[in-house]
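One structure is given below, encoded as structure tokens.
Reminder, nothing fancy here: chain letters follow the sequence lines and each chain counts from 1. The analysis underlying the following values was restricted to heavy atoms, covering all of them including side chains, and did not include hydrogens, waters or symmetry mates.
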There are 2 protein chains.
Amino acid sequence: MAHAKLADLQCPIALPAALLGERWTLLLLRQVFLGTRRFEDFQHSMDISRSVLTDRLAELVDEGILRRVAYKDVRTRYEYRLTDKGRDLYPVMMALRDWGSRWMAPEDGASFDLHHHDCGGDVRAKVECADCGAELTARDVRVTHRPAVRLR
Amino acid sequence: MAHAKLADLQCPIALPAALLGERWTLLLLRQVFLGTRRFEDFQHSMDISRSVLTDRLAELVDEGILRRVAYKDVRTRYEYRLTDKGRDLYPVMMALRDWGSRWMAPEDGASFDLHHHDCGGDVRAKVECADCGAELTARDVRVTHRPAVRLR
DNA sequence: TAGCTGGGTCTGTTTTCCGAACGCAAGAGT
DNA sequence: ACTCTTGCGTTCGGAAAACAGACCCAGCTA
């Protein structure tokens with residue numbers, strides 16, 4: 001994983017944060033969500049070094065976020081596709097995109113648009129209350145710590 | 001920023017991904033959202049090296065995500081607080097948390113609960129259509145590339 | 001038979017991260 | 001008057017990643 005034990009913290013934010021907070025991992029996932037699947041394509045679209053790419057792909061595979069699927073080119077090769085677990089990262093990517101558009105909009109305006117397939121509407125990430133449905137910000141939320149069940 | 005030019009890609013996902021995808025940055029933000037504000041507290045709660053912590057804090061400050069606010073202890077010190085831009089990362093953190101709870105739940109059950117301050121309901125991140133309000137997954141979304149306005 | 005292709009691996013160099021030690025300024029304790 | 005403590009850094013040499021680029025392999029195609 002990394003030099004240190006980023007993820008010793010048993011916490012549902014810290015665990016994914018340690019995984020996704022590795023250099024290239026988020027970028028790699030962005031590519032995946034945009035449809036990239038093959039080694040060569042990742043390498044060109046991101047200009048990442050081959051050895052690191054090999055590493056990151058392997059990591060995502062054994063985290064169960066990507067899976068290798070055989071395909072036949074000239075001989076058998078593998079492509080990398082999202083598992084359910086991986087696909088479920090969609091809200092994270094969308095939240096990232098919303099924030100990026102609002103606060104770090106690329107200077108040259110290059111981007112892509114996302115629309116609801118059915119109605120054509122814009123796509124956005126939001127935080128809401130599962131009960132009353134209200135849209136929430138950090139200020140509307142109360143945090144309660146739930147102590148660990150001692151295991152060791 | 002990093003060895004390479006992760007963020008050459010002018011893209012509203014790639015830009016934030018390059019920033020947040022640095023070691024410790026996401027963890028640091030998690031702490032901030034949980035209320036940590038001071039150097040010493042970050043250092044202990046995350047077990048990060050002091051030099052890297054200094055770095056990351058400075059980076060977040062000049063990205064405009066955190067700001068230094070003076071306080072008086074024994075002499076004047078600074079704490080690190082979220083700006084509006086920073087606070088607006090809340091959906092990203094919540095999306096991360098949702099995913100973490102679902103797919104990487106800590107073994108010992110340690111965690112924290114989040115509830116809507118007003119009604120006590122659970123908090124969740126979701127992706128929806130801004131027009132029709134439907135909840136969306138990657139499959140419901142169409143991607144359209146919008147080419148760059150040539151600048152150079 | 002030589003060359004191309006996709007997907008890696010290997011190697012030596014550059015960056016970054018690390019822990020530990022040090023600096024420093026103003027109280028507080030003695 | 002002195003040492004101690006606190007909070008927040010900075011500075012070091014060594015360890016771990018990331019880097020670019022060369023190399024490899026197998027089966028096709030020219």
Side-chain angles (χ1 to χ4, degrees), chain A residues 1-9 14 17-29 31-32 35-63 66-81, chain B residues 1-9 14 17-29 31-32 35-63 66-81:
Chain A
M1 166 126 317
H3 303 240
K5 49 284 128 173
L6 301 190
D8 278 0
L9 311 138
L19 175 64
L20 302 182
E22 261 185 306
R23 208 193 294 298
W24 295 112
T25 304
L26 276 170
L27 267 308
L28 199 46
L29 286 170
Q31 280 310 122
V32 176
T36 305
R37 294 186 173 156
R38 299 183 183 183
F39 192 94
E40 236 26 40
D41 296 336
F42 286 119
Q43 219 257 308
H44 293 128
S45 62
M46 309 197 309
D47 198 31
I48 184 179
S49 83
R50 304 175 78 78
S51 43
V52 176
L53 179 55
T54 303
D55 256 43
R56 288 297 172 275
L57 287 172
E59 249 175 55
L60 289 174
V61 167
D62 59 48
E63 284 293 336
L66 298 180
R67 74 201 144 97
R68 281 156 55 90
V69 178
Y71 75 97
K72 184 89 179 154
D73 164 35
V74 57
R75 70 188 142 150
T76 302
R77 301 280 181 197
Y78 294 90
E79 23 177 58
Y80 297 86
R81 287 159 168 273
Chain B
M1 166 124 322
H3 302 240
K5 48 284 131 172
L6 300 190
D8 278 3
L9 312 138
L19 175 64
L20 302 182
E22 260 185 305
R23 206 191 295 297
W24 296 111
T25 304
L26 276 171
L27 268 308
L28 198 46
L29 286 170
Q31 281 309 121
V32 175
T36 304
R37 294 186 171 156
R38 300 185 183 180
F39 191 95
E40 238 20 44
D41 296 336
F42 287 118
Q43 220 257 307
H44 294 128
S45 62
M46 312 198 304
D47 199 32
I48 184 181
S49 81
R50 307 174 79 77
S51 42
V52 176
L53 178 55
T54 302
D55 255 44
R56 288 297 173 275
L57 287 172
E59 249 174 56
L60 290 173
V61 167
D62 61 48
E63 284 293 335
L66 298 180
R67 77 202 141 96
R68 281 155 52 90
V69 177
Y71 74 96
K72 183 89 178 156
D73 161 37
V74 56
R75 71 187 141 150
T76 301
R77 299 278 180 199
Y78 294 90
E79 23 179 58
Y80 297 85
R81 288 159 166 273

Calculate the interatomic distance between [X] atom [atom1] and [N] atom [atom2]; express it in whole Å.
X	N	atom1	atom2	result
L27(A)	dA18(D)	CG	P	13 Å
E59(B)	dT16(C)	CD	P	10 Å
D55(A)	dC19(D)	CG	C1'	13 Å
R23(A)	dT16(C)	CZ	P	7 Å
Q43(B)	dC18(C)	CD	P	11 Å
E22(A)	dA18(D)	CD	P	6 Å
L57(A)	dA18(D)	CG	P	13 Å
R37(B)	dC8(D)	CZ	C1'	18 Å

Partner residues of V32(B) under the side-chain contact (heavy atoms from CB on, under 4.5 Å) criterion, sequence neighbours left out: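 V32(B): side-chain contact (heavy atoms from CB on, under 4.5 Å) contacts with F42(B), L66(B), L82(B).
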With sequence neighbours excluded, what pairs up with Y78(A) under the side-chain contact (heavy atoms from CB on, under 4.5 Å) test?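 side-chain contact (heavy atoms from CB on, under 4.5 Å) list for Y78(A), sorted by chain: R68(A), A70(A).
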For [X], check side chain to side chain donor-acceptor pair (under 3.5 Å) against everything at least two apart and list the hits.
X	value
R67(B)	none
T25(B)	none
R38(B)	E79(B)
E40(B)	R50(B)

Just the atom pairs and distances: protein N or O near nucleotides 11-13 of chain C's N or O, under 3.5 Å.
none

Strictly under 4.0 angstrom, non-hydrogen atoms only: write out the protein contact profile of nucleotides 2-7 of chain C, one letter per nucleotide from the 5' end, B, S or -. ----BB
Between CG of L20(A) and CG of L27(A), what distance do you get to the nearest 0.5 Å?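 Reported to 0.5 Å precision, the distance equals 12.0 Å.
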With a 3.5 Å distance limit and no angle check, can you tell me whether Q43(A) reaches the backbone of I48(A) through a side-chain donor-acceptor pair? yes
Closest approach of V52(A) to W24(A) (non-hydrogen atoms, all atoms of both residues):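 What the structure gives for the nearest pair is CG1-CD1, 3.7 Å.
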